[in-house]
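To keep things clear, I will list the structure first and then write my remarks on it.
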Amino acid sequence: MGTVVDDAASLEFHAFFERHYAELSRLAHLLTGESDAADDLAADALLALWHRWDRVRAADHPAAYARGVVANLARTRIRSAVRERRRIALFWSQREEKVENPDVAGVVDVQEALRRLPFRKRACVVLRHAFDLSEKDTALALGVSVGTVKSQTSKGMAELQRLLGPQNAPLKVHAAMARTGDAGGRDR
């Protein structure tokens, strides 16, 4: 059961939401250029405002405060998109040329074995062996620590060795992915 103050704050926030949601969504759309993301950004901003509603409602200009929150969320989204594009460009720029007469059976075996790995292990193995990224670059690309990359790559390669057979599993993985220029198939 809420108090009178809680009920009053809730009603006040609801009225603020009704008055400003469309405006905040439009602002997000204009800042990001993404109509699909605009509603999400406006909703995220309003959720953040609700968590700090006691401070927001006491502000001189709560709508201006809300627009600032939307602008910050949009900036974060844009920066994330730019980082993601850079990562993709980095991966594509490091692809090796296709090799004539690849060992198709070996490639299929490696791709099937990769699909059986959990995503993080697969990602570490592919980035380290197919794209020849350093542990640091792999950690940066996946948003994990270097230690996580080391352990997941080691565990992933051990599992691939079990699946592919003990003879030169790392060489098979690296060669198969380099031959096709494919990083583990479409199942990512």
Side-chain angles (χ1 to χ4, degrees), residues 17 20-52 55-56 63-98 107 110-111 113-160 170 173-188:
F17 181 97
H20 296 288
Y21 178 78
E23 171 197 348
L24 296 175
S25 180
R26 183 170 175 258
L27 174 62
H29 179 245
L30 292 171
L31 291 174
T32 63
E34 299 176 16
S35 58
D36 294 341
D39 286 336
D40 292 341
L41 286 172
D44 289 347
L46 286 163
L47 179 63
L49 293 174
W50 172 245
H51 288 298
R52 295 178 184 86
R55 279 192 278 165
V56 174
Y65 186 88
R67 286 190 290 272
V69 172
V70 169
N72 286 334
L73 290 172
R75 181 179 19 255
T76 300
R77 183 175 184 84
I78 291 167
R79 285 179 178 165
S80 294
V82 168
R83 279 193 303 271
E84 184 64 23
R85 285 186 203 116
R86 285 182 185 155
R87 288 178 188 146
I88 290 169
L90 173 70
F91 296 152
W92 281 106
S93 70
Q94 293 184 0
R95 288 184 65 164
E96 295 180 23
E97 295 295 320
K98 291 188 178 187
V107 170
V110 170
Q111 288 177 341
L114 282 169
R115 282 187 197 99
R116 294 171 125 188
L117 294 179
F119 176 78
R120 186 175 284 175
K121 288 179 188 173
R122 181 181 353 150
C124 288
V125 168
V126 168
L127 292 173
R128 294 283 292 125
H129 291 280
F131 291 96
D132 292 322
L133 292 184
S134 68
E135 290 167 343
K136 182 180 176 185
D137 289 339
T138 301
L140 180 64
L142 297 176
V144 298
S145 69
V146 172
T148 299
V149 170
K150 289 178 181 181
S151 69
Q152 292 296 296
T153 303
S154 175
K155 290 173 184 176
M157 289 304 293
E159 194 163 335
L160 286 175
V173 171
H174 187 75
M177 287 188 277
R179 283 191 187 112
T180 62
D182 188 0
R186 297 175 196 260
D187 179 27
R188 294 185 194 178

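Taking both residues in full, the closest heavy atoms of A123 and L142 are given as CB-CD2, 3.9 Å, listed atom of the first, atom of the second, then distance. For the pair V125 and L114, the tightest heavy-atom approach, listed with the atom from each and the gap, is CG1-CD2, 4.1 Å. Residues T32 and A74 come closest through the heavy atom pair CG2-CB, 3.7 Å. Nearest heavy atom pair, residue A43 against residue Y21, reads N-CE1, 4.0 Å.
By the ring-ring contact (aromatic ring centres under 6.0 Å, His included) test, H29 is found to be paired with no residue, residues two or more places apart in sequence or in another chain being considered. Remark: S154 pairs with no residue by the side-chain hydrogen bond (donor to acceptor under 3.5 Å, both in side chains) rule, at least two apart or across chains. Among residues two or more places apart in sequence or in another chain, the side-chain hydrogen bond (donor to acceptor under 3.5 Å, both in side chains) test is passed with S25 by D39. Legend: residues meeting side-chain hydrogen bond (donor to acceptor under 3.5 Å, both in side chains) with T148, ordered by chain and number and at least two apart, are S145.
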Review item, side-chain donor-acceptor pairs of residues 44-51, under 3.5 Å, at least two apart:
none

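The structure places CG of L73 at 10.5 Å from CG of L27, a figure rounded to the nearest 0.5 Å. Taking NZ of K150 as the start and OG1 of T138 as the end, the distance is 12.0 Å to the nearest 0.5 Å. Taken to the nearest 0.5 Å, the CD atom of E159 stands 10.5 Å off from the CD atom of Q152. If you take NZ on K155 and CZ on R120, they are separated by 10.5 Å, rounding to the nearest 0.5 Å. To the nearest 0.5 Å, atom CG of residue L127 and atom CG of residue D137 are 9.5 Å apart. Rounded to the nearest 0.5 angstrom, L24 CG and F17 CZ are separated by 9.5 Å.
In this structure a side-chain-to-backbone donor-acceptor pair under 3.5 Å is present from R128 to L133.
Residues K121 and T153 have side chains not in contact (no heavy-atom distance under 4.5 Å, counting atoms from C-beta outward).
Every pair passing side-chain hydrogen bond (donor to acceptor under 3.5 Å, both in side chains) that includes a residue from residues 63-81 is listed here, sequence neighbours excluded: E23-R67, E34-R77, N72-R75, S80-R83.
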